[in-house]
Amino acid sequence: MDLYCVMGNPVEHSRSPRIHARFAELCGQQMDYSRRLVPVGAFAEGVAAFRREAAEHGDTARGCNVTVPFKFDAAALAQHTSERAVLAQAVNTLRFEADGSIHADNTDGIGLVNDIVRNAAVPLAGRELLLIGAGGAAAGVLGPLLDAGAARIVVANRTVGKAMALVQRHAALALRHGATLEAWALDEVPGNFDVVVNATASSLAGDAVPVRAQVLRPGALAVDLMYGPAAAGFMAWAEAHGAVPRDGLGMLVEQAAEAFEIWRGVRPPSAQVLAELRASLAAGQ
């Protein structure tokens, strides 16, 4: 049996096993996907143990997803890394090759883009975007947002130097696409935007939304990368100020679909699985 897993700490909350099991069922793929709790500071050992234990049982470990706090550890472990993962400096998908090497990718950003463009039916080409935050989550999505054709992206962060570093790292990509890329402090963001993406944990912490409501154009799409109760504060703020709120559940499913295709070479029906997942969550399942 081909084995996959999600590694993190904590990891018991992860919906990835449910999503990938449904993908496999719909695509006729024989595979098993589980959660693995890895001690902090022991990611490399966790990967080695996963591969070793699979072999001891006559199975083959083919890859894993990586969640907090190991996305930087995963990047350091790989022999081959995709361009988008290099730009993000973080990895959420590992593929174990037959020769023993590890290929690393980051599917978070393309997952967000696919959710916005396909599921929310909001084009990104030629649009102006505000990305709130400059941490790992923001770093994972900035490159794919530029690849999607955004005309202008402002990265806003409490520590403006961190936003500037992220912008500088993506400057060549922005130039390649003819996009304007700027860094600003949270309380100094100029103008308003078609799409606002919250890549901070402000909602999770119960904090106020860290930017002024004037950043929202009428009817703007406002996306929180979290979902469930963690996204509630940001979504309520967006709706109260005339924007269209969206949580990160679609991004979760779409990034998983991208990882599934990297591993299996098959594109799963992500929109169907997203609809099923939303329905089950709404029913409290």
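By convention here, the first residue in the shown sequence is residue 1.
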* Any donor-acceptor pair under 3.5 Å linking the side chain of D105 with the backbone of T107? -> no
* Just by modelled atom types, is the V86 backbone N or O under 3.5 Å from a matching donor or acceptor in the Q89 side chain? -> no
* Determine the minimum heavy-atom distance between T67 and G8, stating which atoms define it. => CG2-CA, 3.5 Å
* Would you find a donor on one side and an acceptor on the other, under 3.5 Å apart, between the side chain of Q79 and the backbone of I102? -> yes
* Is the NZ or CZ atom of R51 both under 6.0 Å from the centre of the six-membered ring of F96 and within 45° of that ring's axis? -> yes
Using a 3.5 Å cut-off and no angle test, enumerate the donor-acceptor pairs between side-chain atoms of residues 37-47 and protein atoms at least two apart in sequence or in another chain.
none

* Asked: Side-chain contact, heavy-atom cut-off 4.5 Å: L130 with W184?
  -> no
* Asked: Is R35 reaching over with its side chain to a backbone N or O of S14, donor-acceptor style, under 3.5 angstrom?
  -> yes
* Structure fact -> Rounded to the nearest 0.5 angstrom, the CD1-CG distance for I153 and L145 is 5.0 Å
* Does the N106 side chain pair with the main chain of N92, one donor and one acceptor, at a distance under 3.5 Å? -> no
* Would a distance-only check, ignoring hydrogens and angles, find a side-chain to backbone donor-acceptor pair under 3.5 Å from R264 to Q29? -> no
* Please report the closest heavy-atom contact between E25 and R22, naming both atoms and the distance. => OE1-NH1, 2.9 Å
* What is the minimum heavy-atom distance between F70 and N9, and which atoms define it? -> CE1-N, 3.9 Å
* Kindly check if the number of other-residue, nucleotide or ligand heavy atoms within 6.0 Å of CD (Q272) is above 12? => yes
* Structure fact -> Rounding to 0.5 Å, atoms CD (Q30) and CG (D2) come to a distance of 9.5 Å
* Say whether R18 and S280, considering side chains only, have a donor N or O and an acceptor N or O under 3.5 Å apart. => yes
* Heavy-atom closest pair, residues H241 and W237 -> ND1-O, 2.8 Å
* Please name the pair of heavy atoms, one in C27 and one in P268, separated by the smallest distance, quoted to 0.1 Å. => SG-CA, 3.6 Å
* Nearest-0.5 Å distance that lies between atom OG1 in T93 and atom CZ in F260 -> 13.0 Å
* Structure fact -> d(D108 CG, R84 CZ) to nearest 0.5 Å is 9.5 Å
* Taking atom types as modelled and ignoring hydrogens, do the side chains of N192 and R217 form a donor-acceptor contact shorter than 3.5 angstrom? -> yes
* Structure fact -> CG (L94) and OG1 (T81) are apart, to the nearest 0.5 Å, by 9.0 Å
Would you mind writing out the side-chain donor-acceptor pairs for residues 155-165 within the sub-3.5 Å range, not counting sequence neighbours?
residue, atom, partner, partner atom, Å
N157, OD1, A134, N, 3.2
N157, ND2, T159, O, 3.0

* Asked: Which value, rounded to the nearest 0.5 Å, describes the distance between S270 atom OG and I19 atom CD1?
  -> 10.5 Å
* Are there more than 12 heavy atoms of other residues, nucleotides or ligands under 6.0 Å from atom NE2 of H13? -> yes
* **Sub-4.5 Å side-chain heavy-atom contact between V91 and L77** => no
* Asked: So, do R246 and M235 sit near enough that their side-chain heavy atoms are less than 4.5 Å apart?
  -> no
* To do: Fit a plane to each ring of F23 and H20, take the angle between them on a 0 to 90° scale, and name the class: parallel (under 30°), tilted (30 to 60°) or perpendicular (over 60°).
  => perpendicular
